[in-house]
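To start, the structure under review is shown below, and the notes come after it.
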Amino acid sequence: MTTDEDTSDAAADDSPDAFDDAGGSSDDHRDFWADDVADEIEARDPDEPIVIKGGVSPSGVAHLGNFNEIIRGYFVAEVLRERGHEVRQVFTSDDKDPLRKLPRKLADEDGNIVGLGEVDAGALGRNLGKPYTSIPDPFGEEESYAAHFAALLKADADRLDIPVEMLSNTEMYENGEFDPVVEHVLENIDTAREVLAKYQSKVDADYVPFNPVCEECGKITETVTSVDTEAGTVDYVCTDMTVGDNTIDGCGHEGTATFREGKLPWRFEWPGQWQVLGVDFEPFGKDHAEGSWPSGKDIAENVLEFEPPIPMVYEWFTLNGEALSSSAGNIVTVSEMLELLEPEVLRYFFALNPRKARDLDLSRLDQLVDDFDRFERAYFGDVDDENLTRFAKRAYPFVVDEVREDRVRLPYTFAAVLGMTDDEDLRKQMATNEGFFDDDTPDDVVEEALARVERARHWAEKMDNAYNYRLQVDLPEFDFDPAVETALDELADFVEENHDGEAIQGEIYETARRNDIEMGDFFAAGYRLFFDATQGPRLGEFLGELEQDFVVTRLRREA
RNA sequence: GGGCUGGUAGCUCAGUUAGGCAGAGCGUCUGGCUUUUAACCAGACGGUCGGGGGUUCAAGUCCCUCCCAGCCCGCCA
């Protein structure tokens, strides 16, 4: 009875859309998407605490894309908390899933991405087919591969100050929390088959929606030979498992497993999690929108018989124009991002409309940071843009740790320019010269603003872009015309007379004119001597901040 | 092949839910700040809203169709 038409019809009818699907109060559009979702959740009059879930299967690297699962739900959780609800945000590590193939990349305990060559790959290879919780941590820190991965995600959540309760799927089976679900599915196995068969053509009259763990070799098995719901057990044979082009060998063992010694297939496990945890809302990526969601909704309603959560599909973002891929190395982690920008900027990125496909272009992070700065100013009413201001008024308080008007944001590229020197006082002085600070600016505000310099500096170095210049400690190699050399000597004499930066800037022009040399050539000479580059900051004022002897000596090309 | 989502200025994005003048920032260009370089100020340039068709007094928005990208429709998650 399963045909292709049946499959596509079922999928089309149940396509998820959290913005205008059921819920009843979606006729007015809010300025922040999380309010729309919260409206829908409230319309169902849910029990407290309201439960918001996310989850992923542990893979090689916990990357920024995975973080959608946590942070999208977080914004909804915060909105509901503000409305007076008690909210429990959980994250399931789907760690009873089997390791199906070796990851090409892993992240160590500090979140650094490393190749498979840096760990005992052989040990991983021997554990193919086993649940992630049964595989040792390749880095030897946590009690399992799964625990290692979960710890990384939890650390990322902490870094962004997001309170989330990490739950292990394996533990939920071991605790017996899934027992009633497994029992119900197997007692109603005909209904279960009938419903899933609408979505998966391989489901036939012999299909058993339960995968025991082999008591002999520890691998997840796929061949159940009989079910005894009275005893609460299934009999199985540990057969080979086909994964893509490869085969994971079974050991041939014939055994009996309880409902805690195995797992439901994903299509049942996901709705099972909703039921056991009482989930009211769950965001998920577009990959689930057409397959898992329609079948999960159907299974919840017609097999397990409860109301599934409010869904929300988020679009995937690309990184530097390409899909996120750990095997291709096109990946970025939360901790890497936080070396480049503040947590609130990263949170802002995820506060933007989840339905839009976005590109996170690291080479233009300055744009993202500028956008955040503008968003922040809009909250305080300083931007003449009605749409942006409405969004900012609502979303900004959920993006920053604390709403404070006294913050100073140095433009990101300017912060990168300040990164040319490690001298904190010099950085402060240059920013003051440009009007970002004055005598009344409190020290902690200055310190907070200057913290961006380190991040922007990292960015300039990582991208090796136009802002990646450094004050040269040693005399760079150069090749100047005699007229330029004369002009540099004259400028050195001028600097030696104790003029301030503004005067030096003026003298640069005077000197160039006096010696009849191109302004551009003279500036280029200055940037060569001090930065070994062709451009840099406003030169005269910068030189005025440096130690005079150093400037004079360098202009004379003596050291 | 079928379905879902996305496609708006060079870049990043608003605006699409209820049809009402095509928008912002950045970049670029020009000018200003006694002084070409980051910043700052003023102004300008920049668009067949992916293409085409339709409905309408009026379409980025609604309908049809086509193109491009990602995803799903095997397994797995």
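Computed over heavy atoms, backbone and side chain alike; hydrogens, waters and symmetry mates excluded. Bear in mind that the values here come from a model prediction, so they are computed numbers and not experimental data. In what follows, every chain begins at residue 1, and chains take the letters A, B, ... in the order their sequences are listed.
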Taking a pair as Watson-Crick or G-U wobble with both distances under 3.5 Å, which nucleotide is matched to C40(B)? G32(B)
In whole angstroms, how far is the C1' atom of A24(B) from the CG atom of L388(A)? 8 Å
Think R358(A) has a side-chain N or O under 4.0 angstrom from the OP1 or OP2 of A14(B)? yes
Which value, in whole Å, describes the distance between the C1' atoms of nucleotides G52(B) and A59(B)? 15 Å
Please state whether the phosphate of U8(B), meaning OP1 or OP2, lies under 4.0 angstrom from any side-chain nitrogen or oxygen of K356(A). no
Rounded C1' spacing from U56(B) to U61(B) in Å: 13 Å
For A77(B), the Watson-Crick or wobble counterpart (both distances under 3.5 Å): none
G54(B) to C73(B) separation - P atoms, rounded to the nearest Å: 38 Å
Checking all strands, does Y527(A) fall into the base, sugar-phosphate, or nothing category for heavy-atom contacts under 4.0 angstrom? base
Using the C1' atom on both, measure G47(B) against C11(B) and round to a whole Å. 15 Å
Between side-chain atoms of residues 522-532 of chain A and protein atoms elsewhere (two or more places apart, or another chain), which donor-acceptor pairs fall under 3.5 Å?
from: Y527(A); atom 1: OH; to: P537(A); atom 2: O; distance (Å): 2.6
from: R528(A); atom 1: NH1; to: D532(A); atom 2: O; distance (Å): 3.3
from: R528(A); atom 1: NH1; to: D532(A); atom 2: OD1; distance (Å): 2.8

Reckon D366(A) touches a base, only the sugar-phosphate, or nothing at all at heavy-atom distances under 4.0 Å? nothing
Would you call R514(A)-E510(A) a salt bridge at under 4.0 Å N-O? no
Could you check whether D298(A) and S295(A), counting side-chain N and O atoms only, form a donor-acceptor pair closer than 3.5 Å? no
What interatomic distance, in whole Å, is found between C1' of C45(B) and the corresponding atom of G3(B)? 43 Å
Quick one: salt bridge (Lys or Arg N to Asp or Glu O under 4.0 Å) pairs with a partner in residues 90-105 of chain A, sequence neighbours left out? D97(A)-K263(A)
Tell me the interatomic distance from D370(A), atom CG, to C26(B), atom C1', rounded to whole angstroms. 7 Å
Watson-Crick/G-U partner (both atom distances under 3.5 Å) of U48(B): none
Every protein N/O within reach of nucleotides 43-46 of chain B N/O, cut-off under 3.5 Å:
none

Can you check nucleotides 75-77 of chain B for protein contacts, nitrogen or oxygen pairs under 3.5 Å, and list what you find?
from: C75(B); atom 1: OP1; to: Q200(A); atom 2: OE1; distance (Å): 3.4
from: C76(B); atom 1: O4'; to: R100(A); atom 2: NH2; distance (Å): 3.2
from: C76(B); atom 1: O2'; to: R100(A); atom 2: NE; distance (Å): 2.8
from: A77(B); atom 1: OP1; to: K263(A); atom 2: NZ; distance (Å): 3.1
from: A77(B); atom 1: OP2; to: W266(A); atom 2: N; distance (Å): 3.2
from: A77(B); atom 1: O3'; to: D97(A); atom 2: OD2; distance (Å): 2.7
from: A77(B); atom 1: N6; to: R267(A); atom 2: NE; distance (Å): 3.4
from: A77(B); atom 1: N6; to: R267(A); atom 2: NH2; distance (Å): 3.3
from: A77(B); atom 1: N6; to: S292(A); atom 2: OG; distance (Å): 3.2

Whole-Å distance between U5(B) P and K286(A) NZ? 11 Å
Could you tell me which nucleotide pairs with A69(B) by Watson-Crick or G-U wobble geometry, both distances under 3.5 Å, or answer none if nothing does? U5(B)
Ionic contact status for R390(A) with D31(A), cut-off 4.0 Å: yes
With no hydrogens and no angle check, do the side chains of S292(A) and W270(A) hold a donor and an acceptor under 3.5 Å apart? no
Rounded to whole angstroms, how far apart are CZ on R377(A) and C1' on A14(B)? 16 Å
Nearest-angstrom distance, C1' atom, A18(B) to G60(B): 16 Å
Residues passing the side-chain contact (heavy atoms from CB on, under 4.5 Å) test with D385(A), sequence neighbours excluded, are R374(A), V383(A), N387(A), L388(A)
With a 3.5 Å cut-off and just heavy-atom distances, do the side chain of E290(A) and the base of C71(B) make a donor-acceptor pair? no
Please tell me whether E322(A) and T318(A) have a donor and an acceptor in their side chains that are separated by less than 3.5 angstrom. no
Under the side-chain hydrogen bond (donor to acceptor under 3.5 Å, both in side chains) test, which residues partner T239(A), sequence neighbours left out? T223(A)
Salt-bridge test for E342(A) and R455(A): reply yes if a basic N is under 4.0 Å from a carboxylate O, no otherwise. no
Would you indicate what A416(A) reaches in the nucleic acid, counting non-hydrogen atoms under 4.0 angstrom: base, sugar-phosphate, or nothing? nothing
Using purine N1 to pyrimidine N3 plus N6-O4 or O6-N4 for Watson-Crick, or N1-O2 and O6-N3 for G-U wobble, both under 3.5 Å, which nucleotide pairs with A58(B)? none
What distance, rounded to whole Å, do you find between the two P atoms, one in G23(B) and one in C49(B)? 13 Å
Quick one: Y348(A) OH to U12(B) P, roughly how many Å, whole number? 13 Å
State, without any angle test, whether N468(A) and R457(A) hold a side-chain donor-acceptor pair at a distance under 3.5 Å. yes
Grab the CG-C1' distance between L324(A) and C71(B) for me, whole Å please. 14 Å
In whole Å, what separates the P atom of C62(B) from that of G20(B)? 10 Å
Counting only Watson-Crick pairs (N1-N3 plus N6-O4 or O6-N4) and G-U wobbles (N1-O2, O6-N3), all under 3.5 Å, who is the partner of A22(B)? none
